[in-house]
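Just so we're on the same page: letters track the sequence lines, and every chain starts at 1.
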There are 2 protein chains.
Amino acid sequence: MAVNLKQLAELLSLSQTTVSRALNGYPEVNAETRARVLEAVRETGYRPNRAAQRLATGKAFSIGLVMPIASGIDSDIHFGEFLAGLAEEAVEHDFHFVLNPSAPEDEEATFRRLAASGNVDAVFIAYMRANDPRIEMLKALSIPFVVHGRSIGGPRDYPYLDVDNTGAFYDAARLLMQLGHQRIALINGPEHLTFAIRRKKGLMRALAEKGFNLDEALVHHSAMTDEHGYRSMQRFLKRPNPPTAVLCSSTVTALGAVRAINQAGLVIGTDISLIAHDDVLPMLKPENFSVPLTTTRSSLRAAGARIAKRLIGGILDQGDYPEQELWRAELIVRASTGPAPDRQRNSGKTV
Amino acid sequence: MAVNLKQLAELLSLSQTTVSRALNGYPEVNAETRARVLEAVRETGYRPNRAAQRLATGKAFSIGLVMPIASGIDSDIHFGEFLAGLAEEAVEHDFHFVLNPSAPEDEEATFRRLAASGNVDAVFIAYMRANDPRIEMLKALSIPFVVHGRSIGGPRDYPYLDVDNTGAFYDAARLLMQLGHQRIALINGPEHLTFAIRRKKGLMRALAEKGFNLDEALVHHSAMTDEHGYRSMQRFLKRPNPPTAVLCSSTVTALGAVRAINQAGLVIGTDISLIAHDDVLPMLKPENFSVPLTTTRSSLRAAGARIAKRLIGGILDQGDYPEQELWRAELIVRASTGPAPDRQRNSGKTV
DNA sequence: AAATCCTCCCAAAGCGCTTTGAGTAATCTT
DNA sequence: AAGATTACTCAAAGCGCTTTGGGAGGATTT
């Protein structure tokens, strides 16, 4: 059924060498010949045998994934979505994964083993922490890698793809402040993860610009679940001087927050404004909330696909990708943001 | 650095053939010689080159995973936990994964491509539905597979690993009924998935044995999130004749249910009993609930590891595993179950 | 003592690709 | 017109393993 290179060469009355070169884009082959080869490939459905390629090139055509299994980092919905993006792109290029569940304390050994095994050409890491030791580790092992996120502190010259979390939450906060909000709460992700640190920073920056300080009591850090969103919001609302607006690190936490707000009898977009970061989770669209959510949007799945693309491009020496990418999140205004209640009354008077 | 077979053979003054046979457990090699080989392997740290093995044997040493990305099936915490088990075992045997995200409508094409690619020796599937078409599909493609769960209807002779969900919830319900409960609610998983169907059946069976009927109003189906657990429980409690006990399909939904119960001012284990199915999620231990939960326990991670073991064993023609396994869940009684309120009053009188 | 059978080991072929090192014909220099 | 380039193409060597088809030597049979 399946043809191999030898048969294909025979069919074309060419040598294997030439066919191989034609396929792999080497320059020393006639354009016309290359076209003939490509045509034959199409007709026969020829697919190079990966095992043979592996053996001949020494490349593994697979990428390593070290899955943190710490109790803090749940392999949650966000991770699954990201993984889907990675896998989508990988499957396209016929790349495999080596999944390595690893407790944080075994991480170094896991990386070492992975690098030594020759089973992967590159690895991917995420869930960056401040001064994350993994970057140095991977550099020392001199195995190509791309990280999703960025460390804070430590080396600066390493390949990453990150969302401009500071910018996203700065933009969001600024919008809220333009609407007159001053007491802005933050339902953030786990405290030690850099994306959460940066989001908080974005909020602080926006506040500082207008001469305000962040009230630490209005910042909660936790895993990004509905439940935590609910509890955090509830606690905010119980305060003597509750916030008039809230930023959520995920539409998942927003779900809980919205519930708490509704339960308190408040109207979103009027009594309280809410902006969530939208990872573009297929089952949780901000436009489907009872009050459509204003969001900072950046697709996790797209990030996964992009990282896979870079990883694979690097392994295949093809395509030229920037080493460091910072994606800007889009601020999309929907109905969950409105003028701050005080100001609303004011403007009512002046009109 | 890394030795290969040739060097190892030279070192031992043996032929590659003999060394290879010694390593792969062929009988025609002297026990003493084999011991020498094994010793040399230990000393040199020899690891066979997987690419070469692939090429020589035609095996891929990797297993395919078709990840459903339907909006109903979130790649949730349960899936991550299962995957960790799979991966743990796979990494042990140096097996790779081919992750295939696929929408349900593309499933067949995905399987077909996967089977034709020769990139995997076997595939794994889960989230069984009633009359699940995938079993026939995989049989037709004659690619080895193991399913997590069981279909209902359709062929019966296929390899699976399942938890006795009917039995688990039967046992749980029976315990409740022995405690005097008669109105038992069920917070179940998605309605179309077979594990949910079976759990409901287990409850019905226990009720029927004592001449009771299941009140359909006391059964809710949904994705197993905290939020859904909360809402379901809340709705149950609002009913004119609320249940005295509830079964939860996951400790995740139990989390929400417990919250709703507390909020209603009821005491778990006294006013209302609760039994949850415990998948042994590391971050959600039933014994850590404010009132430790009575559970039916069966580790998802262990199931993942077991399936990987069977898949790999089958590929390597080693080890003899049963084709069909039905794991019995343990019923572990903790503090969340107690006598039904009515009966409690009665016994109060009689004592 | 010859014939047969094990037991243990080996040389060599082959898996399907990439890559090295040449080689041929056509084109360009001088 | 001879030598130097250029543009294509090829044969063959490997990559590191498994597996086929023997084959030597000792033990067992007849």
Side-chain angles (χ1 to χ4, degrees), chain A residues 1-38 40-41 44-62 93-94 116-119 121 315-318, chain B residues 1-38 40-41 44-62 93-95 117-119 121 315-318:
Chain A
M1 192 66 238
V3 283
N4 60 22
L5 187 65
K6 194 173 171 182
Q7 297 165 331
L8 191 67
E10 228 154 69
L11 193 92
L12 287 160
S13 308
L14 284 174
S15 72
Q16 292 191 37
T17 312
T18 304
V19 178
S20 171
R21 291 204 155 135
L23 292 174
N24 295 319
Y26 281 76
E28 57 266 77
V29 48
N30 193 319
E32 192 186 323
T33 309
R34 192 189 304 273
R36 272 182 61 217
V37 171
L38 258 29
V41 166
T44 58
Y46 167 77
R47 303 267 291 156
N49 177 312
R50 260 290 141 93
Q53 284 185 315
R54 263 192 254 275
L55 187 55
T57 61
K59 283 177 185 163
F61 298 102
S62 47
H93 296 272
D94 193 7
S117 75
N119 275 331
D121 304 303
I315 294 166
L316 263 31
D317 299 313
Q318 62 185 219
Chain B
M1 190 67 235
V3 283
N4 60 22
L5 187 64
K6 194 172 172 185
Q7 297 166 330
L8 191 66
E10 226 154 71
L11 194 93
L12 287 160
S13 308
L14 285 172
S15 71
Q16 292 191 39
T17 311
T18 304
V19 177
S20 171
R21 289 204 156 135
L23 290 175
N24 295 319
Y26 282 75
E28 57 268 76
V29 46
N30 193 317
E32 192 186 322
T33 309
R34 192 188 303 272
R36 271 181 63 218
V37 170
L38 259 29
V41 166
T44 58
Y46 168 76
R47 305 267 290 157
N49 178 312
R50 259 291 141 92
Q53 284 185 315
R54 265 192 252 274
L55 187 55
T57 61
K59 284 177 185 164
F61 298 101
S62 47
H93 295 271
D94 194 5
F95 265 65
S117 75
N119 275 330
D121 304 302
I315 294 165
L316 264 29
D317 299 313
Q318 63 185 219

Engineer: Measure the shortest side-chain to side-chain distance between B:Thr18 and B:Arg21 over non-hydrogen atoms and say whether it is less than 4.5 angstrom.
Structural biologist: no
Engineer: Looking only at heavy atoms, what is the nearest atom pair of A:Ala22 and A:Val29, with distance?
Structural biologist: CA-CG1, 4.0 Å
Engineer: Mapping B:Ser13 and B:Ala56 to their closest nucleotides on DNA chain C, which lands nearer the 5' end?
Structural biologist: B:Ser13
Engineer: Atom NZ of B:Lys59 to atom P of D:dT19: distance rounded to whole Å?
Structural biologist: 8 Å
Engineer: With no hydrogens and no angle check, just 3.5 Å: does a side-chain donor-acceptor pair link B:Asp94 and A:Asn119?
Structural biologist: yes
Engineer: Have a look at A:Thr57 and say if it touches a base, only the backbone sugar-phosphate, or nothing, with a 4.0 Å heavy-atom cut-off.
Structural biologist: sugar-phosphate
Engineer: From the 5' end of DNA chain C to its 3' end, which nucleotides mark the outer limits of contact with chain B, defined by a 4.0 Å heavy-atom distance cut-off (strictly under)?
Structural biologist: C:dC8 to C:dG16
Engineer: Check this for me: A:Arg47, atom CZ, are more than 12 non-hydrogen atoms of other residues, nucleotides or ligands nearer than 6.0 Å?
Structural biologist: no
Engineer: Test side chain to side chain contact (heavy atoms under 4.5 Å, CB included) on B:Leu316 and B:Phe95; report intermediate values, then the result.
Structural biologist: CA-CA 11 Å; B:Leu316 264 29; B:Phe95 265 65; 3.8 Å; yes
Engineer: Going by number, which of residues 20-29 of chain A have a non-hydrogen atom under 4.0 Å from DNA chain C?
Structural biologist: A:Ser20, A:Arg21, A:Asn24, A:Tyr26
Engineer: Whether A:Thr18 contacts D:dT9 is assessed here as follows: a side-chain N or O lying under 4.0 Å from the phosphate OP1 or OP2. Is that the case?
Structural biologist: no
Engineer: Could you state the CG-P distance from B:Asn30 to D:dG26, rounded to the nearest angstrom?
Structural biologist: 14 Å
Engineer: In this structure, are over 12 heavy atoms from other groups packed under 6.0 Å from A:Glu28 atom CD?
Structural biologist: yes
Engineer: Taking all non-hydrogen atoms of both residues into account, name the closest pair between A:Phe61 and A:Arg50 and its distance.
Structural biologist: CD2-CZ, 3.5 Å
Engineer: For A:Val19 and A:Leu5: C-alpha separation, side-chain torsions, deciding distance, then whether side chain to side chain contact (heavy atoms under 4.5 Å, CB included) applies.
Structural biologist: CA-CA 8 Å; A:Val19 178; A:Leu5 187 65; 3.5 Å; yes
